[in-house]
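Atoms within a ligand are numbered from 1 in the order they appear, just like the ligands themselves.
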Amino acid sequence: MNIKTAIAALVTGTTLTTAAWAEEATLRGVSAFAGGTTFSRAFEAFVERVNETGKGTVQIDYVGGPEAVPTFELGNAVSAGIVDIANNTTAFYTNLLPIGDALHLATNTIQDQRANGCYEKIDQLHQEQMNVKYLARTGDNIQFHLYLTKPIEAPDLSGLTIRTTPVYRAMFEALGATLVRTAPGEVYTSLERGAIDGYGWPVQGVLDLGWDEQTKYRVDPGFYQVDVNFLVNLDSWNGLSDEAKGVLEAAAAWTEEQQSKNIEINESEAAKQAEAGIETITFDGAAAQTWLTTAQQAGWAGVAAVDAALAEELKACLTD
Ligand code: 173
């Protein structure tokens with residue numbers, strides 16, 4: 001589906017109504033991840049909370065996931081105001097905010113980032129470069145992994161074709177992999193067809209998507225940290241009453257507090273993967289060192305290539 005079809009699908013008669021002439025504003029919301037799956041869940045709970053606490057002030061009409069707007073189009077859609085609020089990860093909107101790759105290199109929490117001024121900086125970048133308000137970040141404490149259909153013995157991915165997004169690109173490339181970028185919606189079929197030997201994905205969500213059926217190994221240790229963000233079209237945001245903004249900000253803070261639960265969820269997901277027959281390939285010693293050092297060095301080198309000074313500024317407030 002292209003952007004025009006997305007517009008046609010979304011213009012359902014409900015538009016943003018501002019406080020100037022109506023009491024209740026309605027925001028159209030879309031998730032980059034399939035509805036009801038792991039990385040839509042925090043957004044769905046947020047929508048429910050806003051719709052409870054924002055009665056008469058602000059409501060969110062949750063339109064759906066990639067069937068409403070294709071994954072890699074959602075950044076453009078929220079930037080243009082076709083969507084008012086999006087649940088999206090920086091890896092899916094690198095075209096609009098190239099420096100966004102820094103976000104998944106964070107080692108601290110969103111609470112730390114709000115306290116040390118990083119949140120404001122990142123909000124400003126989102127506002128200036130893509131016309132959206134950076135309302136919330138979810139995914140703290142969730143790391144990414146490489147999943148495979150065949151085993152490896154060392155941190156060397158040469159000869160393997162791996163599904164990627166910008167999250168893993170620099171690291172997997174440095175380790176010699178051949179890369180194919182796909183939206184999450186295409187991973188299952190690519191595995192089934194044997195078009196890929198593995199994929200990057202967080203520790204959570206594999207079973208949810210049914211990918212365990214096609215996955216033999218998870219490589220440990222994990223690296224980086226998930227960022228799944230709530231973005232509000234800036235014109236829609238500016239058109240809201242202070243009260244409506246307050247409802248959204250309070251619900252965002254509530255959502256961010258919930259992220260500490262991810263530590264426990266990670267453990268139960270890893271256990272469920274093992275039960276589903278996914279074996280763990282664990283690098284330790286020098287191999288682990290290579291794996292993690294490559295992740296960090298390649299990741300930050302990619303961000304520095306976008307803007308070296310800004311990369312330094314972000315590294316200072318995103319890492320402990
Ligand atoms: O692998 C991906 O699609 C990806 O980049 C991502 C980012 C955040 C959460 C889940 C997946």
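Heavy atoms from other residues, nucleotides or ligands lying under 6.0 Å from CD of Q127 number more than 12.
For Y62 and F43, the distance between ring centers is under 6.0 angstrom.
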What side-chain donor-acceptor pairs closer than 3.5 Å can you find for residues 271-280, not counting sequence neighbours?
| unit_1 | atom_1 | unit_2 | atom_2 | d |
| --- | --- | --- | --- | --- |
| Q273 | OE1 | R218 | NH1 | 2.6 |
| Q273 | NE2 | Y147 | OH | 3.3 |
| Q273 | NE2 | V203 | O | 3.0 |

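Ring geometry for Y119 against Y134 counts as parallel: the plane angle stays under 30°, on a 0 to 90° scale with 60° as the upper cut.
Inter-residue side-chain proximity for V226 and F144 is flagged as met; some heavy-atom pair is nearer than 4.5 Å.
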Extract all N/O-N/O pairs under 3.5 Å that connect ligand 1 to the protein, and present each with both atom names and the distance rounded to 0.1 Å.
| unit_1 | atom_1 | unit_2 | atom_2 | d |
| --- | --- | --- | --- | --- |
| ligand 1 | 1 (O) | R163 | NH1 | 2.7 |
| ligand 1 | 1 (O) | Y168 | OH | 2.5 |
| ligand 1 | 3 (O) | R163 | NH1 | 3.4 |
| ligand 1 | 3 (O) | R163 | NH2 | 2.8 |
| ligand 1 | 5 (O) | T165 | OG1 | 2.8 |

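Cation-pi check for R181 over F72 is met; the charged atom lies under 6.0 angstrom from the ring centroid and within 45 degrees of its normal.
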